[in-house]
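To start, the structure under review is shown below, and the notes come after it.
Given the structure is predicted, the values throughout are model-derived calculations rather than measurements. Chain identifiers are assigned alphabetically (A, B, ...) following the order of the sequence lines, protein sequences preceding nucleic acid strands; residue numbering begins at 1 within each chain.
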Amino acid sequence: MPTSFYNTLHHRLEDFVPMHPGPDPADAIKGSQIGIYSCGPTVYDYAHIGNFRAFLFADVLRRYLELRGAHVTHVMNMTDVGHMTDDQLADGAGRDKLEVAVEKMKENKKQGKAQIENPNDPFAVADFFAQAFLQDARLLGLGVVADYDAASTDESKERIIPRPTRHIPEFISMIETLIARGHAYIGADGVVYYDIRSFPAYGKLSGNSLEQLSHGAGGRTNEQAAKKHPADFFLWKPDRHHLMRWPSPWGDGYPGWHIECSVMSMRALGQSFDLHTGGEDNIHPHHECEIAQSEGATGKPFVKYWMHTRHLMVNGEKMSKSKGNFFTIRDLTARGFDPVVIRWGLISTRYREPLNFTIQGLYEAAAAITTLRDLAEKLTAAVAAVDEAAGEGDFSSPGTTSAPLHELVLEPADQQMLTEFNLAMDDDLNVSGALAALFTWANPLHKQKKLAYRQARSALQSLKKVDHVLGVVFVDLQALPQDRQRQVEDLVQKRTAARQQKDFAAGDMIRKQLLSLGVEVKDTPAGTTWRSRLAPEKLSQ
RNA sequence: GGCCGGAUGCCCGAGUGGACUAAGGGAGCGGAUUGCAAAUCCGCGAUUCGUGGGUUCGAAUCCCACUCCGGCCUCCA
């Protein structure tokens with residue numbers, strides 16, 4: 001069963017074979033070294049769920065390859081160079097986006113809701129939103145950010161999540177190379193342009209020909225006397241008045257918005273690497289231009305597999321601020337949805353299908369995750385009971401058990417589930433199909449009253465494996481704030497007291513109160529327990 | 001105008017020629033359990049896959065036409 005992905009470069013499903021395969025000829029992914037570069041966020045504002053769909057798709061890809069035994073080096077940029085807002089004059093007219101962000105910050109400061117010390121400093125503004133992004137990404141469990149946090153030096157962090165403003169000299173040097181190799185020229189206006197006619201493959205990724213591009217009916221490839229071809233794009237633009245600017249051989253100015261990914265990806269992953277991901281809007285022009293730049297500069301094939309995710313819709317419409325269907329991660333967590341729910345909502349639809357995001361969908365996600373977490377709890381308890389008796393210690397933390405997890409021989413049912421899960425994932429990351437395999441497996445376990453130790457241990461191990469990809473079961477939920485926790489415990493006690501006196505009306509009232517605090521109680525023969533809900537109380541009509 | 005996707009039950013969403021009397025999740029309904037809940041258990045629900053043709057022994061799956069929806073074509077994940 002070959003692993004296949006849809007490669008945008010060739011517009012078809014292709015078997016995935018890593019450039020640096022593992023030792024086993026029957027399974028090239030196991031033990032392979034795989035480089036992935038993902039187009040990351042721009043840090044002019046808070047990232048929204050649409051952005052995160054793209055980042056999470058890359059995360060699922062990366063985690064699945066890890067599950068298959070690959071050593072993945074995952075790189076994601078964070079664009080902090082201000083690019084332009086105006087699409088009518090594509091070659092860098094209009095206002096700088098960071099300039100807009102700076103204005104907004106200044107306005108906030110005036111209104112007393114200052115977010116940073118000096119809102120005039122574009123670097124500080126970019127840094128503010130970069131930190132906000134990292135926070136959101138941690139909540140959603142992006143592996144690349146975990147790598148970043150675990151990295152011990154600034155340089156290693158910079159390889160994992162590079163920031164363009166820290167690599168300007170490298171951009172300049174690549175532009176010089178492109179000029180030297182005849183792929184770039186200085187226009188009559190002093191701007192350095194890429195000469196797309198020097199790179200005949202330009203347009204391959206999006207299925208465009210140069211002919212079509214020059215006659216684009218969108219009318220957006222504006223004729224400019226300074227350029228040789230209307231679709232030539234700029235690499236460096238001298239502009240002494242630009243907010244962020246750096247010295248260069250072509251005058252003080254700023255880089256084009258494609259060069260950063262060419263430079264930073266090759267810097268971390270080498271001149272040729274396996275996978276490059278992004279949103280579908282990146283295909284043209286961004287990735288098209290990246291290929292032209294990178295291959296123009298090195299003369300080598302740049303990326304083997306290009307993967308792009310479809311855009312996200314909200315309630316059947318394009319997400320936009322004016323329609324009121326624009327969500328950030330903090331919007332949703334503030335409403336009481338746990339980040340795991342958001343993660344599930346964004347990954348459970350296959351990346352190449354358009355995703356219609358709804359609040360209803362988040363409730364469904366919460367229900368599905370709760371089922372799996374309940375099962376995990378049951379399995380863990382069954383295993384812990386025996387381990388404790390045998391003095392084997394805590395199974396849930398690897399390394400403390402006498403039998404390391406990876407040496408376990410799995411039960412046939414578990415093995416079958418993993419096989420089916422992988423089969424679906426091998427089919428261009430069919431997450432929905434993979435989840436079906438998981439639930440089909442989970443249901444009988446749920447129903448089973450008593451679990452044998454062997455069975456529970458094997459099942460737990462299997463669930464952990466698939467959760468390496470899903471990242472929603474064996475992760476901590478958002479903790480209640482201290483004061484809220486005390487309030488909850490107090491209420492639970494009051495309820496227990498009321499119930500002991502058979503005052504069920506009072507008890508039920510308190511249960512409702514707890515529900516509105518995001519907490520549900522469970523009465524068992526052993527007593528009352530409570531836990532946080534993954535989704536807020538549904539407003540009843 | 002060019003290029004590219006999509007349409008499956010109440011909702012989300014697999015399935016791309018025969019094991020489909022269509023996976024899985026959610027919501028719903030009836031019953032068991034419960035002080036009532038939650039969780040769990042048992043049971044129920046698409047003779048049908050946007051519409052119309054065609055190919056085939058056989059189609060959700062292939063072909064043609066049509067309708068509708070969405071994306072990209074130098075802001076965008």
Side-chain angles (χ1 to χ4, degrees), chain A residues 8 11 38-42 44 47-58 83-92 94-95 97 203 206-209 211-213 215-222 230-234 256-258 277-286 288-289 308-313 316-319 344-345 348-350 352-356 358 360-361 363-371 374 378 420 424 427 430-440 442-443 446-447 449 499 502 504-505 507-508 511-512 515 520-524 529-531 533:
Chain A
T8 311
H11 312 277
S38 299
C39 277
T42 49
Y44 320 129
H48 55 70
I49 52 172
N51 302 128
F52 272 105
R53 178 187 200 193
F55 309 145
L56 282 168
F57 137 65
H83 295 300
M84 297 300 121
T85 56
D86 198 321
D87 66 336
Q88 292 306 312
L89 295 160
D91 290 312
R95 294 185 67 203
K97 284 182 176 170
S206 61
N208 279 311
S209 65
E211 184 66 10
Q212 283 164 342
L213 285 168
H215 301 295
R220 286 161 140 178
T221 47
N222 55 319
D232 285 354
F233 56 95
F234 89 93
W257 67 286
H258 311 298
T277 74
E280 58 175 331
D281 56 290
N282 281 154
I283 297 170
H284 186 89
H286 184 52
E288 204 95 80
C289 295
H308 296 92
T309 184
R310 297 298 307 269
H311 272 172
L312 167 82
M313 312 282 290
E317 291 181 306
K318 192 166 176 167
M319 181 167 53
W344 183 284
S348 55
T349 296
R350 206 213 295 238
R352 223 151 50 77
E353 304 288 334
L355 165 64
N356 186 21
T358 59
Q360 178 59 31
Y363 282 107
E364 293 176 12
I369 296 170
T370 302
T371 301
D374 285 350
K378 180 178 168 185
E420 283 171 11
D427 178 19
N430 183 357
V431 177
S432 314
L435 290 178
L438 176 59
F439 279 100
T440 303
N443 282 333
H446 243 301
K447 288 174 190 175
K449 286 261 181 339
R499 290 179 71 240
K502 304 271 182 217
F504 294 117
D508 290 351
R511 182 167 57 209
K512 271 190 189 164
L515 211 52
E520 70 188 10
V521 293
K522 187 160 59 163
D523 299 321
T524 70
T529 60
W530 65 271
R531 64 176 175 186
R533 289 162 54 88

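Both A:Gly279 and A:Arg310 sit near RNA chain B, but only A:Arg310 has its closest nucleotide nearer the 5' end. Each of A:Phe504 and A:Lys449 lies near RNA chain B, and the nucleotide nearest A:Phe504 is the one positioned closer to the 5' end.
Counting distance only, with no hydrogens placed and no angle test, the side-chain atoms of A:Asn282 and the base atoms of B:C76 include no donor-acceptor pair under 3.5 Å. Between the side chain of A:Asp281 and the base of B:G71, no donor-acceptor pair under 3.5 Å is found.
Atom CD of A:Glu288 is separated from atom C1' of B:C73 by 11 Å (rounded to the nearest Å). At whole-Å resolution of the value, CG in A:Leu312 and P in B:A77 are 13 Å apart. Distance, A:Ile369 CD1 to B:C12 P: 19 Å, rounded to whole Å. Here B:U40 presents its P atom at 7 Å from CG of A:Asp374, a figure rounded to the nearest Å. One interatomic measurement links the two molecules: NE2 of A:His48 to C1' of B:A77, which rounds to 7 Å at whole-angstrom precision. Rounded to a whole Å, the CG atom of A:Asp508 is 16 Å from the P atom of B:U34. Separating the NE2 atom of A:His286 from the P atom of B:C72 is a distance of 16 Å, rounded to the nearest angstrom. If you take CD1 of A:Ile283 and P of B:U74, they are 14 Å apart, rounded to a whole angstrom.
Every side chain to side chain donor-acceptor pair (under 3.5 Å) that A:Glu280 has, sequence neighbours left out, goes to A:Arg310. Here A:Arg511 pairs with A:Asp508 under the salt bridge (Lys or Arg N to Asp or Glu O under 4.0 Å) rule; sequence neighbours left out. Scanning for side chain to side chain contact (heavy atoms under 4.5 Å, CB included) contacts around A:Ala437 gives A:Glu420, with sequence neighbours left out.
Spacing between B:U48 and B:A22 at atom P, rounded to whole Å, works out to 12 Å. B:G9 and B:G18 have their C1' atoms separated by 24 Å, given to the nearest Å. Across B:C3 and B:G28, the matching P atoms stand 47 Å from one another, rounded to whole Å. Of the C1' atoms belonging to B:A14 and B:C49, the separation is 13 Å, rounded to the nearest Å.
In summary, the side chains of A:Asp281 and A:His311 do present a donor paired with an acceptor at a separation below 3.5 Å, with no hydrogens or angles considered. A donor and an acceptor atom, one from each side chain of A:Asn443 and A:His446, are nowhere located under 3.5 Å apart.
If you check every strand for non-hydrogen atoms under 4.0 Å, A:Leu438 touches nothing. Using a 4.0 Å heavy-atom distance criterion, A:Gly278 is classed as a sugar-phosphate-only contact.
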Parsed dot-bracket for RNA chain B after applying the Watson-Crick and G-U rules with both distances under 3.5 Å and | for other-strand partners is ((((((((.[[[..)..(.....]]].(((((.......))))).....[[[[[..)....]]]]])))))))....
Pairwise N/O distances under 3.5 Å, protein to nucleotides 43-45 of chain B:
none

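At distances below 3.5 Å, not a single donor-acceptor pair connects side-chain atoms of A:Asp427 with backbone N or O atoms of A:Ala424.
The side-chain heavy atoms of A:Met313 and A:Asn356, taken from C-beta on, include a pair separated by under 4.5 Å.
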With B for base contact, S for sugar-phosphate-only contact and - for none (protein heavy atoms under 4.0 Å), nucleotides 14-28 of chain B reads SS-------BSBS--
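The aromatic rings of A:Trp344 and A:Phe439 sit perpendicular to each other, their planes meeting at more than 60°, with 30° as the lower class boundary.
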